[in-house]
Amino acid sequence: TLESIVPYDGAAQREDITMLLAGYLAKNGHTSQTATALQTAIKEEFNGTVRNVVAFSSHRKFGAVELEFKGKNVVVVLGAPDMLAKQITNEVAKQWVLDSAGLESRQAKRLILMCRAEQFTENLNEMRLEPLALYILGNPLRPGTKDIVSFFQNRGVSIRVISGDDKITVQTIAKQAGIKYSDMAVTGDEIAQWDEEAWRERIPAYHVFARIYPEQKEKIVQLFRQHGFTAMIGDGANDALAIK
């Protein structure tokens with residue numbers, strides 16, 4: 001559920017951020033829980049024209065639309081704050097994003113940042129971004145989660161969490177669920193720098209994997225299978241390769 005919206009530095013006065021979000025959602029689909037939560041909260045239909053779309057994916061970590069709205073073109077980008085912050089050109093704005101995201105991540109919140117881009121492109125590295133608003137969503141543990149985790153850990157089962165979300169958020173949720181050794185965390189970008197020998201030696205030491213890409217998830221599961229009986233559960237399209 002969407003808990004709050006934090007506009008950046010008067011963006012809500014300069015831009016109709018609700019309508020820009022509606023424009024993004026109009027063509028980027030409402031299939032994920034996050035998109036559905038945003039759509040439910042804004043309760044508005046976009047009254048402009050959508051010209052171009054970059055669909056959100058777990059690999060890109062962002063989605064984008066080019067809108068014609070109130071007589072002007074606006075490029076709206078939504079995605080993970082830590083990923084989009086790399087392309088924010090104003091250092092003060094970038095620090096606001098990182099500080100705000102860090103604070104909310106420690107509360108186990110799911111965060112979506114909306115930015116405006118100077119031009120439409122499918123390559124995030126080519127974007128120059130200006131933050132518009134941070135969307136803070138709550139995603140509480142399912143009832144019984146702690147009991148399930150405890151059941152398995154008391155019987156010698158080692159639990160790992162493999163997620164595409166922010167590292168601090170994933171660690172915080174893992175701790176809430178009672179998963180042991182959740183302070184041992186690593187990100188997809190970090191392990192992408194490892195060679196095969198480092199993979200084999202280091203992966204088993206970690207219990208939380210964050211900002212992981214689907215192909216990395218598959219490789220992690222393959223490695224754990226070499227260390228003994230391994231089972232996996234997942235509820236997203238990004239889990240399909242690893243579950244298979």
Do Lys219 and Glu196 sit within salt-bridge range, that is, some charged N less than 4.0 Å from a carboxylate O?
yes
Ala210 and Asp166 have their tightest heavy-atom pair at CB-C, 4.1 Å
Tell me whether Gln87 contacts the main-chain N or O of Leu129 through its side chain, where contact means a donor paired with an acceptor under 3.5 Å.
no
Give the C-alpha distance, both sets of side-chain angles, the deciding distance and a yes or no for side chain to side chain contact (heavy atoms under 4.5 Å, CB included) between Leu141 and Ile173.
CA-CA 8 Å; Leu141 293 176; Ile173 293 172; 3.8 Å; yes
When rounded to the nearest 0.5 Å, the distance separating CG of Leu113 from CG of Leu132 is 8.0 Å
Does any non-hydrogen side-chain atom of Val97 lie less than 4.5 Å from one of Ile88?
yes
Six-ring centre of Tyr206, Arg202 cation under 6.0 angstrom, axis tolerance 45°:
no
Of the non-hydrogen atoms in Ile220 and Trp199, which two are nearest, and what is the gap between them?
CG1-CZ3, 3.7 Å
Does the side chain of Thr49 come under 3.5 Å of the side chain of Arg51 through a donor N or O and an acceptor N or O?
no
Side-chain donor-acceptor pair present, Asp165, Thr169, cut-off under 3.5 Å
no
Are the side chains of Ile159 and Gln153 in contact, using a 4.5 Å heavy-atom criterion?
yes
Do the charged groups of Glu91 and Lys94 touch, with an N to O distance under 4.0 Å?
yes
Given ring-ring contact (aromatic ring centres under 6.0 Å, His included), test Phe46 with Tyr24 step by step and report yes or no.
CA-CA 9 Å; Phe46 182 57; Tyr24 173 89; over 10 Å; no
Would you say the side-chain atoms of Glu126 and Thr121 include a donor-acceptor pair closer than 3.5 Å?
yes
Quickly, which of Lys86, Arg211, Lys167 forms a salt bridge (charged side-chain N to carboxylate O under 4.0 Å, His left out) with Asp189? Name it, please.
Lys86
Hey, does the side chain of Ser105 reach the backbone of Ala101 with a donor-acceptor pair shorter than 3.5 angstrom?
yes
